[in-house]
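Hydrogens, waters and symmetry mates are skipped; everything else that's a heavy atom, side chains included, is used. Index from 1, following the sequence.
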Amino acid sequence: MSANVLRTTDGWWVVRDERAVRIETKAVTTAELLADRDAVREAADSGDPGTPLADLAALSPVTTPCRVVAQMVNYRSHAKDSGFTGDIPPAFFRKASGSVSGPQESIVQPRHVKFLDYEIELGLVMGASLPVGTVVEERDLPAYVAGLVITNDVSARDVQLTKTQFYESKSYPTFTPTGPYLALLEQEDFAHLLDLRLKLSVNGDLRQDRTLADMIVRPAQALTLLARFQALAPGDLLLTGTPGGTALKAPPKAVEKIGSLLPPAMKWKAFFKSQAKNPHYLRRGDVVTGTIATPDGRIDLGEQRTPVTDAN
């Protein structure tokens with residue numbers, strides 16, 4: 001069975017029901033913790049009654065420092081929302097490591113960003129080096145992936161679309177909430193990945209709800225494609241795409257055809273004027289809640305709960 005690990009400002013903990021047992025480790029980084037799995041097992045198997053989860057200090061990100069790489073349009077439902085038809089070529093982009101934040105921290109909306117969007121994603125945390133040229137078969141996945149984490153690929157859509165700039169639009173501080181749990185998997189757990197269900201709600205309103213069966217490129221193939229040009233190291237994070245249900249959706253075909261005839265400045269002005277009527281974009285005071293789990297609870301990554309605030 002998987003072991004759920006969380007991190008606070010004063011150390012690492014393994015979760016047992018509603019309590020947490022401190023992991024006796026000198027690990028500072030995620031990579032160092034992954035290299036000290038014996039300490040995790042000892043904490044999980046100890047007779048220590050542990051500390052109530054509610055009594056722990058504020059939770060910290062469980063995957064930092066690290067490279068952050070993400071897959072683009074990797075769920076069929078998201079592809080449909082985005083107006084894609086036919087085959088979709090696999091694509092990746094990078095996010096700044098400084099965008100990673102804790103599972104209870106606020107998502108801070110920069111002053112110039114008007115259209116802030118959410119994207120719940122399953123994060124793969126690497127447990128071993130992935131050199132360039134590596135081919136990962138399904139049976140090899142446990143050799144490279146140590147665990148899973150909830151992530152939210154927060155996106156500034158007005159920056160992303162007008163500048164065609166993924167890196168900036170998705171890399172502001174707090175734009176990659178991670179956690180609360182890093183689920184360290186055993187080999188037999190990997191057979192249950194497609195049963196994982198991703199759910200995201202805003203103020204209690206369910207926006208995204210799909211299982212990994214909706215994925216276009218699954219994790220082993222994604223790592224193989226990524227390894228054509230990008231090496232990864234233990235502790236690095238791969239975001240594997242988001243299901244449909246984000247605030248941003250492609251305009252109707254007729255509107256899109258008319259827009260293509262306009263100069264770029266006029267096209268985007270008209271598009272964002274229509275988007276301003278969309279109530280699903282995030283605003284100050286919203287609370288975003290995300291969960292990823294299998295129906296039987298065999299793998300459960302906990303609940304991420306992040307309020308939205310304005311930049312000071």
Do Ser77 and Asp214 pass the side chain to side chain donor-acceptor pair (under 3.5 Å) test, and can you show the C-alpha distance, the side-chain angles, and the key distance before you say yes or no? CA-CA 7 Å; Ser77 54; Asp214 190 34; 2.6 Å; yes
Nearest heavy-atom neighbours spanning Leu223 and Leu141: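 Nearest heavy atoms, Leu223 then Leu141: CD1-CD1, 3.8 Å.
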With heavy-atom distances below 4.5 Å as the criterion, would you say the side chains of Gln221 and Arg218 are in contact?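 In short, these two side chains do not touch, never coming nearer than 4.5 Å.
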Rounded to the nearest 0.5 Å, what separation is found between the CG atom of Asp36 and the CD atom of Glu24? 10.5 Å
Separation of Leu193 CG from Ile299 CD1 (nearest 0.5 Å):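 That separation rounds to 5.5 Å.
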Do [Y] and [X] meet the salt-bridge criterion of a basic N to acidic O distance under 4.0 Å?
| X | Y | answer |
| --- | --- | --- |
| Lys163 | Glu168 | yes |
| Arg210 | Glu119 | no |
| Asp153 | Lys170 | yes |
| Asp10 | Arg22 | yes |
| Arg283 | Asp286 | no |

Does Ser82 use its side chain to pair, donor to acceptor, with the backbone of Ala79 at less than 3.5 Å?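 Flag not set: sc Ser82 to bb Ala79 has no pair under 3.5 Å.
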Give a yes or no on whether Arg284 atom CZ has more than 12 heavy-atom contacts from other residues, nucleotides or ligands under 6.0 Å away. no
Quick one: do the Arg94 and Tyr167 side chains pair a donor with an acceptor below 3.5 Å? no
Can a donor-acceptor pair be found between the side chains of Lys199 and Thr291 at a distance below 3.5 Å? no
Where does the angle between the aromatic ring planes of Tyr281 and Phe115 fall among parallel (under 30°), tilted (30 to 60°) and perpendicular (over 60°)? perpendicular
Can you name the side chain to side chain contact (heavy atoms under 4.5 Å, CB included) partners of Val108, sequence neighbours left out?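 In terms of side chain to side chain contact (heavy atoms under 4.5 Å, CB included), with neighbours along the sequence ignored, Val108 is linked to Thr174, Thr309, Ala311.
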From Glu121, Gln208, Gln71, residue fulfilling side chain to side chain donor-acceptor pair (under 3.5 Å) relative to Thr242: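 Result: among Glu121, Gln208, Gln71, Gln208 is the only option passing the side chain to side chain donor-acceptor pair (under 3.5 Å) with Thr242.
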Derivation and outcome, side-chain contact (heavy atoms from CB on, under 4.5 Å), residues Tyr75 and Thr211: CA-CA 10 Å; Tyr75 280 70; Thr211 68; over 6 Å; no
What do the steps show when you test Thr289 against Leu200 for side-chain contact (heavy atoms from CB on, under 4.5 Å), and what is the final call? CA-CA 6 Å; Thr289 304; Leu200 181 141; over 6 Å; no
